[in-house]
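Chain letters run A, B, ... following the sequence lines, proteins first and then strands; every chain starts at 1. Since this is a predicted model, take the numbers as computed values, not measurements.
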Amino acid sequence: MYAYDEIDRTLVNERVSEFRDQVRRRLSGELTEDEFKILRLQNGVYLQLHAYMFRVAIPYGTLATNQLRALAHVARKYDRGYGHFTTRQNIQFNWIKLAELPDALEDLAKVGIHAMQTSGNNMRNVTSDQWAGVAPGEIEDPRIWSELIRQHTTLHPEFSFLPRKFKIAITASDHDRAAIKIHDIGLRLIKNEKGETGFEVLVGGGLGRTPFIAKTIKHFVHGRDILSYIEAILRVYNQYGRRDNIYKARIKILVHELGIEKFSREVEEEWQHIRNSSLQIDDEVIEDIRSRFSYPPYEKLPHMPDELRQAAADPDFEAWRKNSVSPHKNQGYAIVTISLKPIGAPPGDATAEQMDALADLADKYSFGEIRVGHEQNLALPHVAKRHLPALWKALDKLGLATPNVNLITDIIACPGLDYCSLANARSIPIAQELTRRFANHELANLIGRLHINISGCINACGHHHVGHIGILGVEKNGEEVYQITIGGRADENAVLGNLIGPGVKFDEVADVVEDIVEAYLALRERPEELFMDTVKRLGVEPFKERVYATR
Amino acid sequence: MTSPLEQKKIKIAGPSIVTANRTWDGIVVYRTAAKSWSADLSEAAIVRNSDEAKALLAESVADDVGAIGPYIAPVQVGADGKIEPGNLREQIRRTGVTIGQSAQV
Ligand code: HEM
Ligand code: SF4
């Protein structure tokens, strides 16, 4: 867990009273919507189809149980009893009343939660691996650096009025769970030959209308120089970025247009001016942040406790354990992923009751800590293995033990036309139908790891470009039509998927996905060959044939 | 459903209304002939040509304290005068999400 200092607490509280005053002036007509819009966006408040939407940041995906309870309280008191976890370690409430928003913000501020950096053309919530600090083989806890960057960029004038929004993600593991290659800046924590901590820096990733995978701009930037290096990137971006055209304003376009070589030369030159400035980070600053992260008092526990051995006889427990439980860096402990993807339900939603109950379970079994990942699932990061059977039973009662993590029904979907004012087509009902089609656990298991990502418009909030199967909703003559891509991935080997052919209608999407999956099962060389490996080996053609032969 | 937020030129193909979200709570509202807002589509003022549409929109935009983000949306008017939303987006705004979610009240 991370303990905020006095400065942060004061800042958060000041923001609440400031916003309360702004809302008051808006409701009395003193402020027009035009004047108010930028102010509400600075506080995470959007307008959606049915109501205002309120987006709250969960910095680097770490939540304490009192914070999760506060989110449950907001869902219950100010919203309709549920919240929606997004792909950027945020939670959204869909039915908030503007008049009550200052109260909701105030209730959240009491537990150190806020909505800064969740919208607007500024530096957004710096995301990280949801297994940070507990993943085996991790170089060091990447949240220390996320927090450093958060402190440096929150409300920093230079980062508050960028040409466009700006997103950074950090990972410290070989396996990238933070999707750093689809961020404006991706940071991979590494050690150099001397054993010093630093970063491989990637730049210019992003999805949306013009998707790009980030490119490496520098193979090693020393940890003490990371702020000046990021600042150098942002200065070059601020100088050249296209403020005139919203579609060309993201840094990915600039990197593409200048070329990575020229872009990196510009950054290098800028960096030489500022790297030895006050932006250089003292070891004490890092140590201070490090000391604010607390880790549980782990016990020395057996690798294979009796409780686990006994529970292994229950096939339902085993099915869940195989998909939801991952190795922990400390012996005797495990990381448990909580699927927010029950069959037939909207991906990423959690009710207030589930949040409260999960907070209780985290207190009991995970040292009071919960994590939020980019796959719209949650995790309990420090569970003693001997507690796994009891935890599983409790989760199952709450509808939170669907054994489908990383399987075909673990779908990432944006809100789409059911909520979003920018949408062209619905996303959630497509996800729901697909989970019903593949509800059979044996079938899902037979298929193996397969990520489906769905977006309701080209903004790509559901990351469809990097889904193993990606589904993009568009509109054609007033009808919802879906374009389907295959072969994308969002991890350390990130690539964009390829279109398989003409778009298909709402009612046909699930059939098409079934065809693709059947083709894969017939084409794979052995059961261990994953869907994306088969696509890589054979390309789009055989899948295309299968899908369009009868259509 | 191309987002009406990108509405620039005002050109209507059939009977239309102006809709927005009420400022204080965000709920979906429709501009009425009585120059106010109603949550009930049956009370919406119907416009049938671009000039009427422009005028209704201008009047709605001016009432910025009442509702935000007004735009013109198509409707279908039945023989009995019953007004129905003219596209899926407006259908969803009127009747709510289509996802039958348990958490939804
Ligand atoms: C419902 C309200 C939402 C609105 C109005 C909205 C709007 C947008 C827009 C306009 C963009 C494109 C920005 C650009 O390319 O410059 C975007 C990107 C993005 N959104 Fe959303 N979004 C919403 C909800 C969500 C949700 C629920 C998620 C997570 C499930 C999400 C995750 C993302 C991500 C990850 C991107 C970045 C994609 C990229 O790399 O370009 N958004 N959003
Ligand atoms: S992808 Fe489009 S439809 Fe989906 S949430 Fe983002 S902006 Fe809305």
Considering only residues two or more places apart or on different chains, which pairs with a residue in residues 95-104 of chain A satisfy salt bridge (charged side-chain N to carboxylate O under 4.0 Å, His left out)? A/Arg20-A/Asp103
When heavy-atom pairs shorter than 4.5 Å are enumerated against chain B, which of A/Ile96, A/Leu27, A/Asp34, A/Val23 gives the highest number? A/Leu27
Tell me whether A/Asn477 at atom CG has more than 12 heavy atoms from other residues, nucleotides or ligands lying less than 6.0 Å away. no
Looking at A/Ser421, is its backbone amide N or carbonyl O close enough to the side chain of B/Arg89 to form a donor-acceptor pair, meaning the two atoms are under 3.5 Å apart? yes
Please rank A/Asp418, A/Leu31, A/Leu98 by heavy-atom pairs under 4.5 Å with chain B and give me the top one. A/Asp418
Taking a cut-off of under 4.5 angstrom between non-hydrogen atoms, the residues of residues 30-54 of chain B near chain A are none
Which atoms of A/Leu101 approach chain B - backbone, side chain, both or neither, heavy atom under 4.5 Å: neither
Can you say whether B/Arg94 sits under 4.5 Å from chain A via the side chain, the backbone, both, or neither, judging by heavy atoms? neither
Can you name the nearest heavy-atom pair linking B/Ile92 to A/Leu49, along with the distance? CG2-CD1, 4.3 Å
A/Glu33 side chain vs B/Gly69 backbone, donor-acceptor pair below 3.5 Å: no
Considering only heavy atoms and a distance below 4.5 Å, find which of B/Asp64, B/Asp25, B/Val28 pairs most often with chain A. B/Asp64
Indicate the atoms forming the closest heavy-atom contact of B/Ile99 with A/Pro346, along with that distance. CD1-CG, 3.9 Å
Within the 4.5 Å heavy-atom criterion, are A/Glu475 and B/Asn87 side-chain neighbours or not? no
Could you look at B/Asn21 and say if it's the side chain, the backbone, both or neither that has a heavy atom under 4.5 Å from chain A? side chain
Can you check whether B/Thr23 reaches A/Tyr52 side chain to side chain, under 4.5 Å on heavy atoms? yes
